[in-house]
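One structure is given below, encoded as structure tokens.
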Amino acid sequence: MNKYRSHKCDQLTKNDVGKNVSLAGWVNKKRDHGNLLFIDLRDNYGITQCIIDKENANFKQLEKIQLETVVKIEGKVLDRSLDTINKEIKTGEIEVSIKSFAILGSCKELPMPIFSDQEYSEEIRLKYRFLDLRRKKIHENMILRSKVISFIRNEMGQLGFLEFQTPILTSSSPEGARDFLVPSRLNPGKFYALPQAPQQFKQLIMVSGFDKYFQIAPCFRDEDARADRSPGEFYQLDLEMSFVEQEDVFDVVEKLLVKTFERFSKNKLISKKFPRISYTDALLKYGTDKPDLRNPLVIKDITEIFKRDDVTFDIFKKLVKSGSNVRCIVTKNTKDKPRSFFDNIDKWAKDQGASGLAYFTIDKDKDIYAKGPVGKFFSKESLQEIMKETKANVGDSIFLACNKKIELERITSIARNKIAEDLDLIEHNVFAFCWIVDYPMFEKDEQTHKISFSHNPFSMPQGEINKLDFKNPLEILAYQYDIVCNGIELSSGAIRNHIPELMYKLFAVAGYDKKQVDDKFSGMINALSFGAPPHGGIAPGIDRIVMLLANEKNIREVTMFPMNQNAQDLMMNAPSGVEEDQLKELNLSLKLKK
RNA sequence: GGGGGUGUAGCUCAGUUGGUUAGAGCGAUCGCCUGUCACGCGAUAGGUCGAGGGUUCGAGUCCCUUCACUCCCGCCA
């Protein structure tokens, strides 16, 4: 028998009554009755109540023991009387009468309590992460993460994918995020970069003829953090397939995600076949390319209405003439909402830096009319036209925003969320997935007017290759797609461009000449010219998947040892300074600002 | 780089219009308590009110600067 324990803390039941057992774990809680002491012993698996009274020679010592001390307890399993059974825990029908104990790991005074539902500052949680991770919720989150990852590994195997590792020390690439750089000792003055994703490697794996690849891959990007974005590093389920079209990738990923989400969450999936929404449509209907489809509200463009003579809303009419658009959100049956409901939303919009949200409610006496501050500007006929366009009925309200396209998308997107929240329209406990498709290949920087890749420079443009219109690059769409779930971007992927000549042409549009492409992507370009299969893939974010499954709003709640917002590890003290000798060996010298 | 929020005991927080000696719960220490499961009861210790400067007879409270944490914008092919 193991010298520390005969059972785990979730194992003992009525069937074990009378047995002599040994348990090992942490002192979760003590309840000291003076002559009788209860100790809740906790391990990874559960909690067992242990009991000792003053007749036992160990009593005095155990009474003084610090919480979170690691102990081994030997004793006898006792039946609990009916009125003392604890239904909250698995072992609640029994308790262990302590005969002897040994301290395996002592514990200093704790900087934060373990057994508590209280919330603590991130700072203290991250500094003492090993204590924080003992707490129930986050402990369970990490177990969930482990299970999700091994489930996915297994499923990918079943689907015929091979798992390969790719280099962590690789080369820096233009485009995309800031790289983390690693100086090379053997090559003075040169640097490796940590991969932002194994993008080029997975394509090379396809060129190598492996057909289907996957990896739970670490990705490194030196960008600022967000609640759903760890600074520095995160994990992707990176996958790539040969001889596939977009729909083949969708098929595999839908199957995998549906299975995973059904397995690990009680929440329903709104649709097992994920709706496809074009990028352009998404921006129009939701104001964003990551729409939360649990929210039933849809944005509608009604600019045309403001060109009519019987609409006299002059502020909007003027803006429309100078190139602005008007978009609206219809709320069903909000006729009787108090004035404060509408004004609050208007005020909120102003706080968001917009010029506010105009609104009116459609009502009917003899005739249809608009009620509200700007209602008087709309004729009966124009209202009927609006009702037709937006499918609004009498009793519905309409919120209006007018601005240039990009700003309009921004404000209608957040207004759509805000209004839905205020009206409690967002369905909870469901997952609403969708594909966002048909991304443009290029985009134009508003300030510099420079054309750059809007997503991935390796994506295959849509349409016949020799008929592509390079004169109007902004019109070219790509076989580029994102998965969005509940408003969170889970992943993006693409059918890749495996034709070198086409690659040169596309890079030329973004301002790279042949030599630059050869320099920066030598491995890729070279490989593509030796018989590359058509291929494509995607890379769902593991952390965000687990976040959704664990119903957490912050990615640190599903990350074992996260860094803080300033990309520091408070527990390990990273990043840290290094010895002068180390710098010298790397041919580096520091030249700090200030 | 920019904007918002927070910072008071080991932890979580309260602290009124600027007014005497800055409080509570948990934790710690000591004592009482044989059926608790957030056990109960009593006592004790524990404070650079994030830091620095200013206004004032008097600052946890008002002003300025600064630091830390966090949320957001930029950024994230």
Side-chain angles (χ1 to χ4, degrees), chain A residues 28-42 47-56 59 63-64 66-68 78 80-89 91-92 95 97 107-128 131-132 173-179 195-197 199-200 219-232 234 351-353 410 414 439 441-443 446-447 452-459 478 480 482 489 492-494 496 506-507 510 520-521 539 541 553-554 556 563-566 568 570:
Chain A
N28 192 56
K29 193 77 192 165
K30 285 186 300 180
R31 289 176 295 281
D32 188 355
H33 290 236
N35 294 315
L36 177 72
L37 172 68
F38 297 97
I39 289 179
D40 288 339
L41 194 68
R42 182 194 76 239
I47 284 180
T48 302
Q49 175 167 283
C50 304
I51 186 168
I52 187 168
D53 70 17
K54 66 170 177 191
E55 304 304 321
N56 189 304
F59 182 80
E63 207 181 15
K64 294 277 170 273
Q66 276 276 353
L67 295 183
E68 293 304 310
L78 300 181
R80 287 209 216 177
S81 70
L82 258 180
D83 54 325
T84 60
I85 284 175
N86 181 354
K87 287 180 183 146
E88 303 292 312
I89 55 174
T91 59
E95 61 197 5
S97 170
C107 181
K108 297 196 289 188
E109 188 177 342
L110 294 162
M112 59 184 277
I114 309 300
F115 178 68
S116 165
D117 292 330
Q118 249 168 25
E119 301 215 18
Y120 308 96
S121 72
E122 293 270 344
E123 204 174 351
I124 196 116
R125 290 183 61 194
L126 294 183
K127 184 164 180 196
Y128 297 95
L131 293 180
D132 189 40
S173 63
E175 300 282 326
R178 242 173 253 117
D179 284 317
Q196 296 180 22
Q199 181 62 39
Q200 294 190 59
C219 303
F220 305 90
R221 296 176 192 175
D222 188 4
E223 297 295 349
D224 289 354
R226 289 289 183 278
D228 63 351
R229 204 165 85 200
S230 291
F234 62 98
D351 289 342
Q352 301 304 309
R410 185 187 76 85
I414 56 177
Y439 276 83
M441 188 85 210
F442 298 100
E443 64 189 6
E446 288 297 311
Q447 260 116 53
S452 62
F453 291 102
S454 73
H455 250 70
N456 184 324
F458 304 119
S459 297
Q480 168 80 45
D482 275 16
E489 184 190 318
S492 54
R496 320 297 173 189
L506 293 167
F507 267 102
K520 290 294 182 184
F521 304 101
K553 289 200 165 51
N554 194 301
R556 291 185 295 273
M563 295 197 284
N564 71 7
Q565 195 164 45
N566 295 323
Q568 299 158 341
L570 298 176

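Naming: A, B, ... by sequence-line order, numbering from 1 per chain.
No contact: A/Q196 has no heavy atom under 4.0 Å from any strand. Looking at heavy-atom distances under 4.0 Å, A/D228 makes no contact with the nucleic acid at all. The residue A/F38 sits close to a base: some heavy atom pair falls under 4.0 Å. Residue A/N564 is classed as a sugar-phosphate contact, given heavy-atom separations below 4.0 Å to backbone atoms only. Within the nucleic acid shown, A/N566 comes within 4.0 Å of sugar-phosphate atoms alone, with no base atom in reach, counting heavy atoms only. Within 4.0 Å (heavy atoms only), A/S454 reaches sugar-phosphate atoms of the nucleic acid but no base atom. As judged by a 4.0 angstrom heavy-atom cut-off over every strand, A/K108 is placed among residues making no nucleic acid contact. A/R125 comes within contact range of no nucleotide atom at all, as no heavy-atom separation falls under 4.0 Å. Among the atoms of the strands shown, only primed sugar atoms or phosphate atoms (P, OP1, OP2) are found under 4.0 Å from some heavy atom of A/P113. At the heavy-atom level, A/S121 lies under 4.0 Å from the strands shown only through sugar-phosphate atoms.
Rounded to a whole Å, the CD atom of A/Q66 is 14 Å from the C1' atom of B/C11. Here the C1' atom of nucleotide B/G40 and the NZ atom of A/K29 are 13 Å apart, to the nearest Å. As rounded to whole Å, 14 Å separates atom C1' of B/U34 from atom CG of A/N56. Going from atom CD of A/E63 over to atom C1' of B/G31 covers 11 Å, rounded to whole Å. One can place CG of A/L126 at 16 Å from P of B/A68, the figure rounded to the nearest angstrom. In this entry the distance linking CD1 of A/I124 with C1' of B/G10 reads 8 Å, nearest Å. We find that CZ of A/R229 is positioned 12 Å from P of B/C71, with the value rounded to whole Å. B/C26 atom P lies 14 Å from atom CZ of A/F115, rounded to whole Å.
With a 3.5 Å ceiling on both atom-pair distances, B/C75 lacks any Watson-Crick or G-U wobble partner. Across all strands shown, B/U21 has no partner, as no Watson-Crick or G-U wobble contact with both distances under 3.5 Å is found. Pair assignment for B/C69: B/G5, on the basis of Watson-Crick or G-U wobble contacts that are both within less than 3.5 Å. Remark: B/C62 base-pairs with B/G54; criterion is Watson-Crick or G-U wobble with both hydrogen-bond distances under 3.5 Å. Remark: B/U16 base-pairs with no nucleotide in the shown strands. Criterion, Watson-Crick or G-U wobble with two distances under 3.5 Å.
When the P atom is compared between B/G7 and B/U16, the two are found 13 Å apart, to the nearest whole Å. Of the P atoms belonging to B/G4 and B/C64, the separation is 12 Å, rounded to the nearest Å. Here, B/U61 and B/U55 have their C1' atoms 14 Å apart, quoted to the whole Å. Comparing B/A14 with B/C26, their C1' atoms sit 15 Å apart, to the nearest whole Å. Here, B/G52 and B/G60 have their P atoms 13 Å apart, quoted to the whole Å. Here, B/G58 and B/U21 have their P atoms 14 Å apart, quoted to the whole Å. Straight-line distance between the C1' atoms of B/C33 and B/G40: roughly 8 Å, to the nearest whole Å. B/C49 and B/G18 have their C1' atoms separated by 15 Å, with the value rounded to a whole Å.
Between the side chain of A/D224 and the base of B/G74, at least one donor-acceptor pair of N or O atoms lies under 3.5 Å. For A/Q49 against B/U36, a side-chain N or O and a base N or O form a donor-acceptor pair under 3.5 Å. One donor-acceptor pair, N or O on each side, does fall under 3.5 Å between the base of B/U36 and the side chain of A/R80. In terms of polar N and O atoms assigned as donor or acceptor, the side chain of A/E95 comes within less than 3.5 Å of the base of B/G35 in a complementary pairing.
Under a 4.0 Å N-O distance rule, the pair A/K29/A/D40 does not qualify as a salt bridge. Salt-bridge check for A/K108 with A/E68: failed, with every basic side-chain N at 4.0 Å or more from each acidic carboxylate O.
Ring-base stacking between A/H33 and B/U36 is not satisfied when judged by a centre separation under 5.5 Å and a plane angle under 30°.
Within 6.0 Å of NZ in A/K30 there are more than 12 heavy atoms belonging to other residues, nucleotides or ligands.
For B/U36, neither phosphate oxygen OP1 nor OP2 lies less than 4.0 angstrom from any side-chain nitrogen or oxygen of A/R31. Look at A/Q565 and you won't find any side-chain N or O under 4.0 angstrom from OP1 or OP2 of B/C72. Checking the phosphate oxygens (OP1, OP2) of B/C37, no side-chain nitrogen or oxygen of A/K30 falls inside 4.0 Å.
When each of B/C76, B/G31, B/C11 is scored by its nearest atom to the side-chain atoms of A/Q118, the top-ranked nucleotide is B/C11. The side chain of A/R226 has B/G74 as its nearest neighbour among B/C76, B/U34, B/G74.
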**Item:** Step-by-step side-chain contact (heavy atoms from CB on, under 4.5 Å) determination, A/R556 to A/N564
**Value:** CA-CA 9 Å; A/R556 291 185 295 273; A/N564 71 7; over 6 Å; no

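Both A/I85 and A/E55 sit near RNA chain B, but only A/E55 has its closest nucleotide nearer the 5' end. Heavy-atom distances to RNA chain B give each of A/A225 and A/R556 a nearest nucleotide, and the one nearer the 5′ end belongs to A/R556.
Under the 3.5 Å distance criterion, the side-chain polar atoms of A/R80 are left unmatched by any main-chain donor or acceptor of A/I85. Between the side chain of A/N456 and the backbone N or O of A/F458, at least one donor-acceptor pair lies under 3.5 Å.
The minimum heavy-atom distance linking A/N28 with A/F115 is given by the pair ND2-CD1, 3.4 Å.
Side-chain contact between A/Q196 and A/F220 is absent, with no heavy atoms from C-beta onward closer than 4.5 Å.
Ring geometry for A/F521 versus A/F507: interplanar angle of 30 to 60°, hence tilted.
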